[in-house]
Chemist: 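Here it is, the structure in full.
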Amino acid sequence: AQSVSQHNHHVILSEAASLELGCNYSYGGTVNLFWYVQYPGQHLQLLLKYFSGDPLVKGIKGFEAEFIKSKFSFNLRKPSVQWSDTAEYFCAVNALSGNTPLVFGKGTRLSVIA
Amino acid sequence: DTGVSQNPRHKITKRGQNVTFRCDPISEHNRLYWYRQTLGQGPEFLTYFQNEAQLEKSRLLSDRFSAERPKGSFSTLEIQRTEQGDSAMYLCASSRPGQTGFFGPGTRLTVL
């Protein structure tokens, strides 16, 4: 069965600290990978995506993620977080064709404190 | 606003009542998806349409749940005989085939 695991339920960081959120997936085939962000009171927004090519993907707001096929992982990183990065982060996967629904992880809540 | 819209944004109902939610996708997006999100969980896929055809509905949570997209534009999700366990955020997303979906703001359902 397809599944996505996000290792951290809640992460608390101080401003300027570096961030890495883990994501591992289980999927029977080649995949597309996504990170979505949900700011408090707002709807899900795409942060970045990997379809093919360079496994290091850069997204909005200084986020990046690295696809490591051998580890079935797609970890999200940011070198220096800001208070405004406080949000819930969801990793998701679907089939390479893009014609299947997204399977989401449970999410990681990030709290950035001043 | 050219994004995905959902109405109502909040719905409070009593157990046993029927509720219907509406989703208006981004214009010209022929794919439309419904997800459910409960507290502490990621969105869980329910069903999706390509134009007016419902391509997958086996993930609907029970036969109390049904969805339509009669003219291939907006969609409705109906829950009959609501139960307290149906309380959740119901999300809609739309896309072109093979492209990334855009999510709406969701409808928060509370069943008393």
Side-chain angles (χ1 to χ4, degrees), chain A residues 1-10 21-27 30-52 57 59-60 65 74 76 87-110, chain B residues 1-7 9-10 21 23-26 29-51 53-61 67 75 77 88-108:
Chain A
Q2 304 129 1
S3 66
V4 176
S5 297
Q6 292 185 241
H7 315 301
N8 311 101
H9 179 62
H10 188 193
L21 302 182
C23 172
N24 286 89
Y25 67 93
S26 171
Y27 206 94
T30 309
V31 298
N32 302 315
L33 293 153
F34 306 82
W35 277 96
Y36 280 83
V37 60
Q38 190 168 28
Y39 298 104
Q42 297 189 25
H43 57 277
L44 279 165
Q45 300 170 41
L46 182 68
L47 202 54
L48 50 78
K49 62 188 179 185
Y50 171 80
F51 282 5
S52 63
V57 179
I60 60 172
F74 190 56
L76 181 71
E88 188 118 23
Y89 293 82
F90 295 94
C91 182
V93 62
N94 73 352
L96 181 64
S97 66
N99 290 327
T100 59
L102 292 170
V103 176
F104 283 86
K106 291 186 177 183
T108 297
R109 183 152 60 101
L110 172 65
Chain B
D1 188 346
T2 57
V4 178
S5 62
Q6 293 187 245
N7 289 288
R9 294 291 305 277
H10 303 274
F21 310 141
C23 171
D24 287 89
I26 292 171
H29 277 189
N30 53 8
R31 288 262 168 130
L32 187 149
Y33 303 82
W34 285 100
Y35 291 83
R36 185 179 81 153
Q37 186 176 15
T38 53
L39 199 62
Q41 302 293 320
E44 174 188 13
F45 168 70
L46 296 178
T47 187
Y48 81 110
F49 295 84
Q50 177 155 312
N51 300 314
Q54 192 171 10
L55 298 186
E56 171 64 65
K57 57 181 180 180
S58 66
R59 305 284 186 88
L60 286 168
L61 299 163
S75 175
L77 178 70
M89 179 75 86
Y90 291 85
L91 301 171
C92 176
S94 72
S95 74
R96 293 192 177 96
Q99 295 192 1
T100 308
F102 291 83
F103 280 83
T107 294
R108 181 170 296 282

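Chain naming here is simple, since letters A, B, ... match the order of the sequence lines and numbering starts at 1 in each.
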Chemist: Side chain, backbone, both or neither: which part of L91(B) has a heavy atom under 4.5 Å from chain A?
Modeler: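 The answer is the side chain of L91(B).
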Chemist: Can you confirm whether F102(B) is buried at CZ, in the sense that more than 12 heavy atoms of other residues, nucleotides or ligands lie under 6.0 Å from that atom?
Modeler: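 No, CZ of F102(B) has 12 or fewer neighbouring heavy atoms, counting only those of other groups under 6.0 Å.
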Chemist: Not counting sequence neighbours, which residues clear side chain to side chain contact (heavy atoms under 4.5 Å, CB included) with E56(B)? List them please.
Modeler: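 Listed in chain order: F45(B), Y48(B), S58(B), R59(B).
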Chemist: Under 4.5 Å, heavy atom to heavy atom: which of residues 37-45 of chain A reach chain B? Give them by number, or say none.
Modeler: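 Against chain B, the residues of residues 37-45 of chain A that fall inside the cut-off (heavy atoms, under 4.5 Å) are Q38(A), H43(A), L44(A).
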Chemist: Between Q37(B) and chain A, which part of the residue has a heavy atom less than 4.5 Å away: side chain, backbone, both or neither?
Modeler: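 For Q37(B), the side chain is the part near chain A, not the backbone.
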Chemist: Can you measure from CG (L102(A)) to OG1 (T100(B)) and round to the nearest 0.5 angstrom?
Modeler: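 Nearest 0.5 Å value for the CG-OG1 distance: 8.0 Å.
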Chemist: List for me each residue that meets ring pair (Phe, Tyr, Trp, His ring centres under 6.0 Å) alongside F49(B), sequence neighbours excluded, and say none if there are none.
Modeler: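 Ring pair (Phe, Tyr, Trp, His ring centres under 6.0 Å) list for F49(B), sorted by chain: empty.
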Chemist: Pick from Y25(A), Y36(A), F34(A): which one makes a ring pair (Phe, Tyr, Trp, His ring centres under 6.0 Å) with F104(A)?
Modeler: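 Among the candidates, only Y36(A) passes.
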Chemist: Please list, chain by chain and in numerical order, all residues satisfying side chain to side chain contact (heavy atoms under 4.5 Å, CB included) with Q6(A), sequence neighbours excluded.
Modeler: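 For Q6(A), the residues satisfying side chain to side chain contact (heavy atoms under 4.5 Å, CB included) (neighbours in sequence not counted) are W35(A), F90(A), C91(A), T108(A).
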Chemist: Could you tell me the separation between the CD atom of Q2(A) and the OG atom of S26(A), rounded to the nearest 0.5 Å?
Modeler: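 Reported to 0.5 Å precision, the distance equals 8.5 Å.
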